[in-house]
*Asks:* 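First the structure, then my questions, so here it is.
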Amino acid sequence: MRKSDKTNEYKMLNRPEEIALLHEKASGSAYRQTYHIQPVSGLLNDPNGFVYYKDMWHLFYQWCPWGAVHGMKHWYHVCSRDLVTWENKGLFIRPDTYFDNMGVFSGTAFVKDDDLYLYYTGIHGDEKVQMLPSTCFVRLGEDGRAIKHSAPLYGPEPEYTENQRDPQILYDENTKKYYMVVSAQTTDMKGCCLIYESEKQNSGWHLKGRLNVPGFEAFGNMWECPSIVHISGQDVLMFSVQGVHMEGHGNGTSHNGYIIGSMDYDTLTFTHDGTFHVLDFGFDFYAAQCAANLQNSSKAILSAWMGMPGAAYPTDKEEWSGCLTLPRELTIRHRRLIQRPIPEMLSIRGNRINPGLGILPAAAELMIATYPQDFNMRICCRHDGTGGLLIDYNEHTQVITIDRSEMAQRFNQEMGEVRTRVLENGLTSLRIFIDNSSIEIFINDGDAVFTSRIFPEADEHSYTLNECRSLHIYEMHTAVKDDFVL
Ligand code: FRU
């Protein structure tokens, strides 16, 4: 990621012409995705406002139009009928008001009385304050544009640092009240969440207190994009922690994870089983958000940023970066989240490829059933079997290793090029989705997922593997239109 130069990237986008050339440059890239949501230009980070509303799935993303930098953040809108084929709808929330003149940060959706509301953090900045966050909202207008409410719902709490953001709004059936879970940081730099409460959705908000998560009082320095999601009869507290080292995750200190438990909105206590689980074991996964209005079903659908804060990517030099993961269906089994690709993914499966050729289409799905023995595979390697992304499972230690250090394009080496995880029940299957510049590896029917960006060069489209029970390779159809809509 290029360092932002405050004048060029801290400005609002007004007219499509301002980024037409940037879009042209990005859309000509060899690494453009074909079935993942990606930015029309510039940098995409967190998914925002994910919701099902009026027969459509709506998803927004954090967007800096000006290049691969975390400059001025806007919200961009995409829509889908099936969660697979997505259409660009255009720029949605602009940083055009006093209280959000330095950025429209992450947030969530809520449907009420047939209207869709989107809550976000507006960042104000001027000569006196660098960053003043407040919780703001817009309503989706008939014409598809955002109608911004004239004032924030509440400003920052003085007892905490200016790092307060990312509201998740929800309604609790027991107390019959609305709540917002907001990321905050204590003055001694500990990450936490604040809980706001109101009888009504769009007024009367007040701070109820800090979320009490026993045992996690000194866990990292920031819990970004927090949310409490109800899945399979249990509450799941999800957030992206910063400032923590974890085994098997290289030198990276940011991890998107979750804790399973139960939330009591009267005492603001999240009672749990003591474990912070990492959501995804790959290299590039952050700021996950579940679709808002599935709260009371047994499943949840998740989308995340396939990228990491502070990381640089090979497309930065083409002035664009980032994409979202495929939506995943979440359930809980044995106090662990199980993540599966949504069933609708089958609709874009194309021709079956003859595995004998050893060649991978640039957009492919692989289904592999393994024997109870060591397994190793190279994906996107050269024709002679060298290089590529290595997947290695050792039957004796039950450790699966993903290693991207042998690919020609190496990046973010300082965060470590190897990720590992113990598979307590051994390795039985892999379902792998490859797009032009990403790979999502679902192990054992959703028991673990490794999500990563990879940037194969022209001669890196082969694969090798040792013996397996079965291997099916399919070409994938294009599902996300890469058109220039503003
Ligand atoms: C997470 C995050 C959020 C913030 C947004 C800004 O990646 O830092 O906390 O709202 O990105 O783009």
Side-chain angles (χ1 to χ4, degrees), residues 1 4 9-10 12-13 39 42-50 59-76 91-95 99-109 118-125 130-138 152 156 160-169 180-185 189 191-194 220-227 238-244 252-257 279-280 284-289 302-313 321-325 412 415 451 453:
M1 184 194 46
S4 165
E9 286 97 15
Y10 270 87
M12 186 173 63
L13 174 63
L43 177 142
L44 165 157
N45 57 303
D46 314 353
N48 293 157
F50 190 13
L59 194 44
F60 304 81
Y61 56 77
Q62 281 287 286
W63 181 42
C64 171
W66 309 115
V69 288
H70 286 277
M72 184 72 90
K73 294 296 167 72
H74 302 59
W75 277 36
Y76 190 93
L91 170 56
F92 191 64
I93 315 182
R94 296 162 186 272
F99 50 76
D100 59 19
N101 70 323
M102 289 303 278
V104 171
F105 275 20
S106 285
T108 51
L118 290 315
Y119 299 81
Y120 67 95
T121 301
I123 303 289
H124 169 78
Q130 269 216 321
M131 182 166 159
L132 190 79
S134 52
T135 298
C136 317
F137 75 96
V138 301
Y160 295 81
T161 74
E162 76 283 5
N163 283 312
Q164 298 176 43
R165 53 180 177 261
D166 311 338
Q168 182 217 13
I169 178 167
M180 282 200 204
V181 186
V182 176
S183 165
Q185 186 177 53
M189 306 305 269
C192 64
C193 294
L194 299 179
N221 53 38
M222 195 65 194
W223 297 7
E224 295 193 305
C225 303
S227 62
M238 285 187 190
F239 54 95
S240 294
V241 69
Q242 298 200 323
V244 174
T253 56
S254 300
H255 314 276
N256 198 171
L279 254 170
D280 189 288
D284 305 285
F285 184 96
Y286 200 73
Q289 183 175 118
L302 170 146
S303 166
W305 171 28
M306 216 193 291
M308 292 305 287
Y313 292 92
S321 106
C323 66
L324 297 184
T325 65
N412 293 335
M415 290 193 196
T451 297
R453 298 304 301 270

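Here the structure is a predicted model, which means the values were calculated and not measured. Indexing begins at 1, ligand by ligand and atom by atom, following the structure's order.
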*Asks:* How are the rings of Phe60 and Phe92 set to each other: parallel, tilted or perpendicular (split at 30° and 60°)?
*Replies:* tilted
*Asks:* Given the rule in the side chain to side chain donor-acceptor pair (under 3.5 Å) test, do Tyr286 and Gln242 qualify, once you have shown the distances and angles that lead to the verdict?
*Replies:* CA-CA 11 Å; Tyr286 200 73; Gln242 298 200 323; 3.0 Å; yes
*Asks:* Out of all atoms in ligand 1, which are within 4.0 Å of some heavy atom of Asn45? Include the element for each.
*Replies:* 5 (C), 6 (C), 7 (O), 11 (O), 12 (O)
*Asks:* Given Leu44, Asp46, Asn163, identify the one with the heavy atom nearest to atom 7 (O) of ligand 1.
*Replies:* Asp46
*Asks:* Taking atom types as modelled, is there a side-chain donor on Asn221 or Gln185 under 3.5 Å from an acceptor on the other?
*Replies:* no
*Asks:* Quick one: nearest non-hydrogen protein atom to atom 4 (C) of ligand 1, plus distance?
*Replies:* Asp166 OD1, 3.4 Å
*Asks:* Note the single closest protein heavy atom to atom 6 (C) of ligand 1, along with its residue, its atom name and the distance in Å.
*Replies:* Gln62 OE1, 3.2 Å
*Asks:* Evaluate Ser227 against Gln168 for side chain to side chain donor-acceptor pair (under 3.5 Å), listing each step before the verdict.
*Replies:* CA-CA 6 Å; Ser227 62; Gln168 182 217 13; 4.7 Å; no
*Asks:* Are any non-hydrogen side-chain atoms of Met308 and Arg453 less than 4.5 angstrom apart?
*Replies:* no
*Asks:* Can you tell me which residue and heavy atom of the protein come closest to atom 8 (O) of ligand 1, and the distance to 0.1 Å?
*Replies:* Glu224 OE2, 2.8 Å
*Asks:* In terms of atom number and element, which parts of ligand 1 are under 4.0 angstrom from non-hydrogen atoms of Ser106?
*Replies:* 5 (C), 10 (O)
*Asks:* With a 4.5 Å cut-off on side-chain heavy atoms, are Asp280 and Asn256 touching?
*Replies:* no
*Asks:* Could you list the atoms of ligand 1 found under 4.0 angstrom from a heavy atom of Tyr286?
*Replies:* 1 (C), 7 (O)
